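A short worksheet on the structure shown next.
Each chain gets a letter, A, B and so on, in the order its sequence line appears, and its residues count up from 1. These values consider heavy atoms only, across backbone and side chains, with no hydrogens, waters or symmetry-generated copies. Since the structure is predicted, the reported quantities are computational estimates derived from the model, not experimental observations.
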Amino acid sequence: MSTIVGTNIEVTNLKYDSDTTSMIISNTGQVSVKSEGQANTTNLQQGLTKAWFTSNSSMALTDSFNIASVTDVSAGQLGVTTSTAFANTTYSSTGSGTGDSNINIVANWNETLTTTLTRFGMLKISNQTYTDTGTCGHMCGDLA
Amino acid sequence: MSTLVIDTIQGKTTAGSVNVRGEGSANTNLQQGLVKAWAMNNQVTTHSNLDSFNVASVTDVKTGGTTENFTNNMANGNYTGTFCSGYTTIDDASLYAVKYNAPNTGIASGSISFTWYYGSHGTTSKQAADCSHIGMQVAGDLA
């Protein structure tokens, strides 16, 4: 095995051997990655989750990536601000509750959606009201 | 065109941290952005995964309840788990799954537990039930 240690390596193809290309880097820095089935490629940047978080029942972060802050907007409504902005407001957000079995998560409320800010709502099924609870969230899309 | 023939890519400053140029001009982190586990679970018949990544085994915990045991563990219990479900016999209902404490262990780093529920619109009741298709994604720090 050989090891290359450096800060900048200009390369187009990353290969296992002369017959097997694993990644192809385009002139815009986009990386195509060989699929598991070998027949296709997928885009590395598009496949990465751009932000994720877990929050507790006090609406505070317990862990996160690319999250600048969260705001307890009102009962059961969590404003989530990313550190690095998305390129547009058509990014995808998904969420699930933790612990409270009555909670269904509503993500990406239109009235608050910007390239850095979205809102997650924790809708309690048992009384049809938004209620503070632990939440997990993922955000995918194009970074600015 | 230049070609690099390699087995492994790792960070120079921190082995487990590689920055990747995003779609625009901003960078993102490769390791943090990778989904660490996923599964499409069927609780109805064999209570098994139809497909998965980084899941060694599945445990049928209770009605609507599943534990997915990781092959490679997470670093702690603070990871995220998000779920989406399909259920063909119930219309006009809220369908959702919740990450919860594994039986007697709290939030575990070696597994994720969830329960699937449905609640009909216009009512305040919800019920745990087995679901034939539950999609799961896990993000966070690997051990």
Side-chain angles (χ1 to χ4, degrees), chain A residues 1-7 9-18 21-23 28-31 44-54 62-66 84-85 87 94-105 123-128 134-138 141-144, chain B residues 1-10 12-13 20-36 53 64 75-84 94-101 107 114-115 117-126 128 135-141:
Chain A
M1 179 185 295
S2 57
T3 300
I4 299 174
V5 179
T7 301
I9 300 173
E10 295 185 14
V11 64
T12 302
N13 296 325
L14 300 179
K15 295 189 171 190
Y16 170 72
D17 58 26
S18 60
T21 298
S22 177
M23 299 181 186
T28 60
Q30 296 298 295
V31 182
L44 176 66
Q45 281 86 353
Q46 289 284 285
L48 293 174
T49 299
K50 299 305 181 358
W52 56 261
F53 70 90
T54 54
T62 51
D63 204 356
S64 67
F65 166 61
N66 192 28
T84 301
T94 60
S96 292
T98 62
D100 189 333
S101 63
N102 277 295
I103 296 298
N104 190 11
I105 302 298
L123 180 62
K124 192 157 192 163
I125 298 297
S126 59
N127 59 12
Q128 300 289 303
T135 302
C136 298
H138 290 182
D142 298 349
L143 280 183
Chain B
M1 178 183 295
S2 55
T3 297
L4 197 60
V5 181
I6 58 174
D7 289 320
T8 304
I9 298 174
Q10 68 180 41
K12 180 183 177 185
T13 304
V20 177
R21 181 70 167 250
E23 293 80 2
S25 58
N27 286 337
T28 187
N29 186 276
L30 177 64
Q31 281 81 1
Q32 290 286 283
L34 290 172
V35 172
K36 300 307 188 332
F53 167 62
N76 51 53
N78 295 333
Y79 57 87
T80 76
T82 60
F83 311 91
C84 193
S94 293
L95 313 175
Y96 61 99
V98 173
K99 175 189 175 191
Y100 77 107
N101 290 351
I107 298 294
F114 59 87
T115 304
Y117 298 94
Y118 68 90
S120 297
H121 291 169
T123 73
T124 57
S125 63
K126 53 93 180 171
M136 176 196 81
Q137 294 184 357
V138 172
D141 299 346

Problem set entry | Student check: side-chain heavy atoms of D7(B) and Y16(A) closer than 4.5 Å | yes
For this session: Sort S18(A) into side chain, backbone, both or neither according to what part of it lies under 4.5 angstrom from a heavy atom of chain B.
Result: neither
For this session: Could you look at L123(A) and say if it's the side chain, the backbone, both or neither that has a heavy atom under 4.5 Å from chain B?
Result: neither
For this session: Against chain A, work out which of V5(B), V35(B), N76(B) has the most heavy-atom pairs shorter than 4.5 Å and name it.
Result: V5(B)
For this session: Verify, without hydrogens or angle tests, whether S2(B) (side chain) and E10(A) (backbone) share a donor-acceptor contact under 3.5 angstrom.
Result: yes
Exercise. Checking heavy atoms, do the side chain of I105(A), its backbone, both or neither come under 4.5 Å from chain B?
Worked result: neither
Exercise. Rounded to the nearest 0.5 Å, how far does OG1 of T28(B) lie from NZ of K50(A)?
Worked result: 6.5 Å
Exercise. About how many Å separate CD of Q30(A) and CD of E23(B), when rounded to the nearest 0.5 Å?
Worked result: 6.0 Å
Problem set entry | Distance in Å, I107(B) CD1 paired with T98(A) OG1, rounded so as to fall on 0.5 Å steps | 6.5 Å
Problem set entry | Approximate separation, where rounding is to 0.5 Å, of L44(A) CG and L34(B) CG | 7.0 Å
Seminar exercise, completed: OG1 of T49(A) to CD of Q137(B), rounded to nearest 0.5 Å, is 6.5 Å
For this session: Under 4.5 Å, counting heavy-atom pairs only, tell me which of I9(A), D17(A), D142(A) racks up the most with chain B.
Result: D142(A)
For this session: Check whether A87(A) gets within reach of chain B through its side chain, its backbone, both or neither, counting any heavy atom under 4.5 Å.
Result: neither
Exercise. Can you check whether F83(B)'s main-chain N or O pairs, donor with acceptor, with S96(A)'s side chain at less than 3.5 Å?
Worked result: yes
Problem set entry | Interchain contact, T115(B) with chain A, by part (heavy-atom threshold 4.5 Å) | neither
Exercise. Where on V11(A) is there a heavy atom nearer than 4.5 Å to chain B: the side chain, the backbone, both, or neither?
Worked result: both
Exercise. Taking side chain as C-beta onward, heavy atoms only, is F65(A) less than 4.5 Å from N29(B)?
Worked result: yes
Exercise. Under a 4.5 Å heavy-atom cut-off, does chain B meet the side chain of T54(A), its backbone, both or neither?
Worked result: both
For this session: Hey, could you give me the OH/CG distance between Y96(B) and N102(A), rounded to the nearest 0.5 Å?
Result: 5.0 Å
Problem set entry | When G33(B), G77(B), S25(B), G24(B) are compared by non-hydrogen pairs under 4.5 Å with chain A, the top option | G33(B)
Exercise. Which answer fits I9(B), side chain, backbone, both or neither, if we ask what part of it has an atom under 4.5 Å from a heavy atom of chain A?
Worked result: side chain
Exercise. Under 3.5 Å, side chain of W52(A) to main-chain N/O of Q32(B), donor-acceptor pair present?
Worked result: yes
For this session: Please look at N66(A) and chain B and tell me whether the side chain, the backbone, both or neither of the residue comes under 4.5 angstrom of a heavy atom of that chain.
Result: neither
Exercise. Counting distance only, does the side-chain N/O of Q45(A) pair as donor-acceptor with the main-chain N or O of V20(B) below 3.5 Å?
Worked result: no
Seminar exercise, completed: When the 4.5 angstrom heavy-atom criterion is applied to A26(B) and chain A, the contacting part is both
For this session: Would you mind checking which part of I103(A) comes under 4.5 Å of any heavy atom in chain B, side chain (CB onward), backbone (N, CA, C, O), both or neither?
Result: backbone
Seminar exercise, completed: In terms of heavy-atom contacts, T82(B) and C136(A) come closest through CG2-O, 3.8 Å
For this session: Please look at Y79(B) and chain A and tell me whether the side chain, the backbone, both or neither of the residue comes under 4.5 angstrom of a heavy atom of that chain.
Result: backbone
